[in-house]
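Here's the structure, in structure tokens; my notes come after.
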Amino acid sequence: MTIPQIFDSIIEEFGDSDMAESEFQRLCADDETIRKDYKSWCSSRGLSVRNGFSAYFDEKMDRENSRWEALSENEDNYDF
């Protein structure tokens, strides 16, 4: 499983940013492979290990909000 896949799975399960980040930190503490992959993932994106998860979470929420905004803008084109 890739780091973004792990993030998405945790976010889907926990929803809340703080709870999801705590769960991810627990996973990193328990699994050296995830910890190493996460460090590499952060490095490749120019993010610090400290804020990598929150940056991903914020970006994901922005994408999802954009989808909802696009859908609501299209509502004007429909007669209900």
Side-chain angles (χ1 to χ4, degrees):
M1 204 181 246
T2 67
I3 293 300
Q5 289 171 327
I6 293 170
F7 286 165
D8 289 340
S9 173
I10 292 171
I11 291 167
E12 184 177 316
E13 182 176 348
F14 292 90
D16 176 74
S17 173
D18 293 334
M19 290 176 62
E21 187 165 6
S22 292
E23 177 63 14
F24 181 69
Q25 289 173 355
R26 186 192 65 74
L27 285 175
C28 283
D30 292 346
D31 189 317
E32 186 176 340
T33 301
I34 291 175
R35 188 171 48 251
K36 286 181 180 179
D37 289 350
Y38 176 61
K39 286 181 181 180
S40 176
W41 181 87
C42 287
S43 177
S44 72
R45 285 155 184 78
L47 299 168
S48 70
V49 173
R50 175 174 241 165
N51 70 7
F53 182 89
S54 61
Y56 183 88
F57 186 92
D58 292 345
E59 184 178 309
K60 181 176 179 67
M61 292 302 109
D62 286 346
R63 283 192 310 266
E64 296 209 2
N65 287 337
S66 292
R67 288 184 194 139
W68 283 112
E69 288 171 7
L71 287 173
S72 66
E73 288 173 3
N74 288 333
E75 274 184 5
D76 296 336
N77 297 328
Y78 298 106
D79 292 326
F80 291 105

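Please read all numbers here as calculations on a predicted model, not as lab measurements.
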Quick one: side-chain contact (heavy atoms from CB on, under 4.5 Å) partners of [X], sequence neighbours excluded?
X   : answer
K36 : E32
D58 : none
Q5  : M1, T2

With D31, which residues qualify under salt bridge (charged side-chain N to carboxylate O under 4.0 Å, His left out), at least two apart? none
Pairs flagged by side-chain hydrogen bond (donor to acceptor under 3.5 Å, both in side chains) wherever residues 37-50 is involved - sequence neighbours left out: S48-N51
Would you mind listing every side-chain hydrogen bond (donor to acceptor under 3.5 Å, both in side chains) that reaches into residues 11-26, with sequence neighbours excluded? E23-R26, R26-D30
How far apart are the closest heavy atoms of G52 and L47, and which atoms are they? CA-CD1, 4.1 Å
How many angstroms lie between CD1 in I6 and CD1 in I34, if you round to the nearest 0.5 Å? 4.0 Å
Could you walk me through whether I11 and Y56 pass side-chain contact (heavy atoms from CB on, under 4.5 Å), step by step? CA-CA 10 Å; I11 291 167; Y56 183 88; 4.1 Å; yes
Would the F57 and F7 ring centres measure less than 6.0 Å apart? no
